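Treat the numbers as computed from the prediction; the structure is a model and nothing was measured. Chain letters run A, B, ... following the sequence lines, proteins first, then strands; residues in each count from 1. For the numbers below, each heavy atom of this structure counts, side chains included, while hydrogens, waters and symmetry mates do not.
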Amino acid sequence: MPLLEVRDLGVRYGSVAAVRGVSFTCDAGEIVTLVGPNGAGKTSILNAVAGALESARLTGDVRFDDVPILGDAPERIVHRGISLVPEGRRIFTTLTVGENLRLGATPHGGSAEDMVSVLERFPILAEFRRRPAGLLSGGQQQQLALARALLARPRVLLLDEPSLGLAPQVVGDLFRAIADLRDEGIGIVLVEQHARRAMKLASRCHVMGHGTFVQGLEGSDVAEVVGAYFGGDALP
Amino acid sequence: MSMLRNTWIRAWPLVGLVLLISVLSALLATGGGEVRAASMTGLLDVVIVIGLYVFVGNSGVMSFGHIGFVAIGAYTSALITIPAVSKSLLLPDLPGFLGSIEVSMWASFGIAAVVAMLVAAVLSVPLMRLSGIAAAIATLALLVIVGDVLSNYKALTGGQGTLTGVPTDLTVGSAALLVVIALAVAFAFQMSRFGLRLRAARDDEVAARSLGIAVENERRIAFVVSAGISGAGGAGYAHYVGSLAPDQFYLQLTFLILAMLILGGMYSLAGAVLGATLLSTLSTVLDRLEGGEGVGPLQVKLPANTREVAVAVILLAVLFLRPNGVMGGRELSWPRVLGGRRPQDDFGPPPPGEPAGSGLVDGDPISVKAG
């Protein structure tokens, strides 16, 4: 039984159907990517899974550990073990780095050991913990957003365009960090416009268009498509 | 030694304000009767503005209903401190034990705060599901409802008439102590996990929810705490003026208190205190000049309603020129003359003059340790 199972998900904003009949799964220690053009419905899917869509009408079924979670309050979903790192990082710019991290703590995560572990992973955050988070660079803010989400000890991470607005070198480092998290057993659903990098990391990839999946790739197919479209040495 | 100093510096936004209020009150308490009366008005305004700040400042949600809690506190305190003999004459139909109960002024402050908190706890269930303009209108409705109940529940409040006989035993010292308690509660709240979560939701509600912050619950807690402070402020007011009427707690006071919060800056405790102090002083001075009483050497008679016009002009000027208020959302900072750096904590912006770090360029590599 998969850790996260999305079955026939639909998202409607009034009369507009943003997502139709989307199904996919994500297991521990794997990366599933959703790629596609702007407006395809990728962010709506992540927000629907995370419970962050208040005004939309949701249909279908989302199960985490075989428990239905679609429509649950976002805090309940976080406490179950799903954390969303939203598009644009959404860190609290007027609060300090330390305060942002404190906000990541939940009843199940955020102990002193968790904090030490996260700061070891992202040492720059320890150095800048007293600074307003708005003064960090884009890459550092992304680290903060990831660190904050990790403090809740998620079993599944939903990452929405984590590389948006970052310099190429920083994007490489970020994707290595994402691969590390996967290797530690966290399931990751990755929405990314850097399709080549995202597909290279993924064990499964879903290509979206107009609110639905138009193509699904698994295992060696992903590598084949990456090779065919982007060249064999696509990624370092 | 360094830990002790850090604790002091961390508590400075509170300690500084407490020192300021204490010194100011001690000086004003030595003045004549009129100065003492003006000081008490000012101190009670500070309490009420702090009450409003705890909710509005931390949540970013506007409330026009807090004067309703001030009224609830004032009437509660009056009903349990007016001597039983007087109550039997003034309010012969008073229900149950209220006719005979008599408590001390300080006990009535506590009870008034608790009653206001209970009312707020019940009302917060529907109200805190709203935000933005809907919340503002709903809280305005709360003010209207409280006003209507006070005006029409004759057996309990005496209706639209004036309820007299409240012991006027408030002193400048006890008003100052009430401010200090309100400051301590407000500061403890904003430094707590609840306050931090609420400020995060104020800055970015979507991000806060994605972290599992139950925004409505956090707002409810703040609403109840702020109603308690407002209720205690109302109780203090009752023991200062000695007589209460429903129209004392309506739109005029609501807008004056809001103007105080906006003037000082609604996102800091220091702003709330400063705004209340400045505008309360100005309001008292203009009130006296309107009445032809003069202030010291200034002996002019101003036209009626000059105070309202002046408050409106100041409010407009602040909103245009300094929308974040005089304090700009900042708390009192540790005086540099006392030396050195800020504490080794994670509250507040970095010290001025410290390098901004390498973090301002987007090309910085992410330093990731392999996990």
Roughly how far, to the nearest 0.5 Å, is the [atom2] atom of [Y] from the [atom1] atom of [X]?
X        : Y        : atom1 : atom2 : result
B:Asn217 : A:Glu75  : CG    : CD    : 7.0 Å
B:Leu196 : A:Phe92  : CG    : CZ    : 8.5 Å
A:Thr94  : B:Arg199 : OG1   : CZ    : 8.0 Å
B:Arg209 : A:Arg90  : CZ    : CZ    : 12.0 Å
B:Ser210 : A:Asp160 : OG    : CG    : 10.5 Å

Q) Which bit of B:Glu216 is near chain A, if near means a heavy-atom gap under 4.5 Å: side chain, backbone, both or neither? A)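 B:Glu216 touches chain A through side-chain heavy atoms alone.
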**Study point:** side chain to side chain contact (heavy atoms under 4.5 Å, CB included) between B:Ile213 and A:Leu103, intermediate numbers included
**Key:** CA-CA 8 Å; B:Ile213 295 172; A:Leu103 286 163; 3.8 Å; yes
Take a 6.0 Å sphere around CG of B:Leu321 and say whether it holds more than 12 heavy atoms from other residues, nucleotides or ligands.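 Atom CG in B:Leu321 is packed in, count exceeds 12.
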Hey, which of B:Asp204, B:Val206, B:Val215 has the most heavy atom pairs under 4.5 Å with chain A?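 Of the candidates given, the most pairs with chain A belong to B:Asp204.
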